[in-house]
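Every chain is numbered from 1 and lettered A, B, ... according to where its sequence line falls, protein lines coming before strand lines.
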2 protein chains.
Amino acid sequence: MRPTTKDLAKAAGVSLATVDRVLNKRSGVREETVNAVNEAIQKIGFVRNQNAANLARGRNYRFEFLLPETGDDFLATVIGRIKEARTALRLDEINVSYRCALPNNPHRAAEILAGVSPEDSDGVAIMAPESPQLRDATTRLVERGVQVVHFISGQPDLRPVDFVGVDNNAAGATAGRLLGRFLAPRTGKIVVVSETMNSLDSVERRLGFDKVLSRDFPNLTPLPSLETFGDPERTSRVVRTSYENHADIVGAYILGSEARLAIEAIRKATDPALQVIIAHERTRYTETMLRERVLDAVIAQNPGHLVRSAIRLLKARCDQRQPLVSQEQIRIEILIEDNLDLR
Amino acid sequence: MRPTTKDLAKAAGVSLATVDRVLNKRSGVREETVNAVNEAIQKIGFVRNQNAANLARGRNYRFEFLLPETGDDFLATVIGRIKEARTALRLDEINVSYRCALPNNPHRAAEILAGVSPEDSDGVAIMAPESPQLRDATTRLVERGVQVVHFISGQPDLRPVDFVGVDNNAAGATAGRLLGRFLAPRTGKIVVVSETMNSLDSVERRLGFDKVLSRDFPNLTPLPSLETFGDPERTSRVVRTSYENHADIVGAYILGSEARLAIEAIRKATDPALQVIIAHERTRYTETMLRERVLDAVIAQNPGHLVRSAIRLLKARCDQRQPLVSQEQIRIEILIEDNLDLR
DNA sequence: TATTACTTGAGGTACGTACATCAGAGCAAG
DNA sequence: CTTGCTCTGATGTACGTACCTCAAGTAATA
């Protein structure tokens, strides 16, 4: 059997009350005694039964996803998974909620974060582009005792806050290699379309993409990134101009998580069957495009996994437990028409 | 707050004792009263607090993985993940164990299953090729009150036993399409190597592979499957003979989860850099081969996910809960050198 | 020495559920 | 009316932990 607090009390030679004081960091215990208890914890391998503790405490976890104010199909999918997790986890006394509240403006986004208090939330998952303002706001949030993970976009290596998402550099490299291999041995230019290049995510993808192309596929020349800014007409125009100016465009890489605008512009400008086109994120739209062979591959991250991983990390932090690292690594998925359907 | 058994008693107009009798299916309650309680459960949306119940009952779950007697690198990886899950889940009173016990012979494997009793195990995950003997043994296991899932290999649509693994037909199709696209526009023959074609898994992969090639890549002709039977010399010989007999072999598809023998044979017979080679399952060996560009892609299923999914399904069955379907779908992963490293 | 502060132990109640025991109600058969 | 049976309620203990109160101990200070 697993040792209980009683066993611990016996092993440490103190009473249950003292064990309780130490475990829950209450005051009024000599340092010496604290050490004795901690040593006993090591010695007998005591681990608190979190379920029993939560039961006694009547605890429930409140986790909130702070998402961008406006979003695309991918965000909608993420929200769907959040709702799913919400219903599934209610039985475990975990309340999951979300708010599409974060504006693009980093100052105003930071203000939203400033409004989050440990009274309302045990932890938040923040989906927002990296910025100094957000970084500061995050630090203050953590100081106030709210657990934080950065979600999908943001700074990967900003400890002690965890990052849930993929390495965008590697994602871009993956896209680059597939494009190169699908196109070989053809020669030509590659259109690169992004919603905006103002986000670190896009920049990193582009860097990874370019690196692979320049090193391993010198026959392919990526053009400067076209930005859509979410505007259909602008997108149509810049994409058409590109195809008009370069007769030897053989493929396209769509950087952002909103592929629709770019793809529709490309379809208007040229015959997609003669191009190799790669986009990011699985949505109903990209699925359809894969099936219709407009898209040749989609580089994706699993939204359900992202959501559950964020929640597990937040809970692990609340419980002061180590998460199972291998479970929380988000994979860069490659989707083609044949591995789209799940059993 | 979630309704408790007390709330349920009040709502049903009975005592706590009666509620307990109904919930735990004890005898001595009029059918009428049972119905009244069940209606109240629906009405107030009562769901048993499984943690509290387990605490009171002193319950712990015992799940066992029944694996093949002998195995390859992939099986070793799976075992590693089982051990990982074992340590992680001990805190949740879930005891995970494994036994490399199932021989190839279906009769003897069935005997092993016959030896599993609900006294020792709450649930087992069985990794064994589909056979009538095993199917019967599984049915009897379930009747004895042991939860069962089929693990990685076996029959996908054999209800009410769950299957944890990928659709091998789709996995083969995925391999076929990648091979075809990586090779385009070349023309030639494809070597197909398998450990044995006696397993349904291999057959299904081959079917999916052939279907894609014949429909979408008529320029590529897959050769009849070569079987290694785990014998290095035999493998060397048959592969070399293939390459000698067919000057126009441009690629290879390695069906099984043990790629080493086939790859080494191919390296001896020809220059792998001029071939497109696709194999299954991520192991340290296939990772290395991807990095060295001997392999062009690996079709894989995530062993950690497989293991955890099997455990979650078994636990859900024990608790008579519905699992979260979207979480338990095992994806067909495509690995290339760029999406190999995880953050 | 008396007073005070700090440390510790002993014991209780609670969380939501399981499980056991006993008492009483209702009812039918003798 | 008694006996025996079935159904139900009341009550208690337990699981492992949290949190509270009170008493008693020790040591330092006035």
Side-chain angles (χ1 to χ4, degrees), chain A residues 1-41 44-61 90-95 122 318-321, chain B residues 1-41 44-61 90-95 122 318-321:
Chain A
M1 271 327 272
R2 252 172 70 184
T4 71
T5 42
K6 272 182 198 164
D7 302 323
L8 180 54
K10 203 175 294 172
V14 299
S15 74
L16 250 179
T18 301
V19 162
D20 177 67
R21 288 177 186 118
V22 174
L23 283 182
N24 296 293
K25 304 200 197 304
R26 288 186 239 282
S27 61
V29 186
R30 261 188 309 158
E31 204 184 316
E32 212 178 294
T33 316
V34 174
N35 292 336
V37 173
N38 284 328
E39 278 163 29
I41 288 178
I44 67 169
F46 172 83
V47 184
R48 177 201 259 112
N49 180 333
Q50 196 64 46
N51 287 333
N54 289 348
L55 177 61
R57 196 183 280 165
R59 154 140 218 182
N60 60 346
Y61 301 84
R90 202 146 36 188
L91 295 180
D92 298 327
E93 307 293 344
I94 300 178
N95 291 315
D122 297 306
C318 286
D319 295 347
Q320 305 191 51
R321 269 212 218 175
Chain B
M1 272 328 271
R2 251 172 70 184
T4 71
T5 41
K6 273 183 197 163
D7 303 322
L8 180 54
K10 202 176 294 171
V14 299
S15 75
L16 250 180
T18 301
V19 161
D20 177 68
R21 287 176 188 119
V22 174
L23 283 181
N24 296 294
K25 303 199 197 306
R26 288 186 238 283
S27 61
V29 187
R30 260 188 308 160
E31 203 184 318
E32 211 177 295
T33 315
V34 173
N35 292 336
V37 173
N38 284 328
E39 278 163 28
I41 289 177
I44 67 171
F46 172 84
V47 184
R48 175 201 260 114
N49 180 334
Q50 195 65 47
N51 287 333
N54 289 349
L55 177 61
R57 197 182 280 166
R59 152 140 218 181
N60 60 346
Y61 302 83
R90 203 148 33 188
L91 296 180
D92 298 327
E93 307 293 344
I94 300 177
N95 290 315
D122 296 306
C318 285
D319 294 347
Q320 306 190 49
R321 272 211 216 175

With sequence neighbours excluded, tell me which residues meet ring pair (Phe, Tyr, Trp, His ring centres under 6.0 Å) with B:Phe46.
-> none

Return the set of residues passing salt bridge (charged side-chain N to carboxylate O under 4.0 Å, His left out) with A:Arg321 (not counting sequence neighbours), or none when no residue passes.
-> B:Asp92

Could you write out DNA chain D as a dot-bracket string, with dots for unpaired bases, | for bases paired across to another strand, and Watson-Crick or G-U pairs counted at under 3.5 Å?
-> ||||||||||||||||||||||||||||||

Side chain to side chain donor-acceptor pair (under 3.5 Å) contacts touching residues 27-36 of chain A (sequence neighbours left out) = none

Sequence neighbours excluded, which residues qualify as salt bridge (charged side-chain N to carboxylate O under 4.0 Å, His left out) partners of A:Arg59?
-> A:Asp122

Applying salt bridge (charged side-chain N to carboxylate O under 4.0 Å, His left out), which residue pairs with at least one partner in residues 44-58 of chain A are found, sequence neighbours left out?
-> none

Can you name the salt bridge (charged side-chain N to carboxylate O under 4.0 Å, His left out) partners of B:Asp7, sequence neighbours left out?
-> none

Residue pairs meeting salt bridge (charged side-chain N to carboxylate O under 4.0 Å, His left out), one or both in residues 12-27 of chain B, sequence neighbours left out, come to B:Asp20-B:Arg26

Footprint string (nucleotides 6-19 of chain D, 5' to 3'): B base within contact, S backbone only, - free, heavy atoms under 4.0 Å = -SBBB----BBBSB

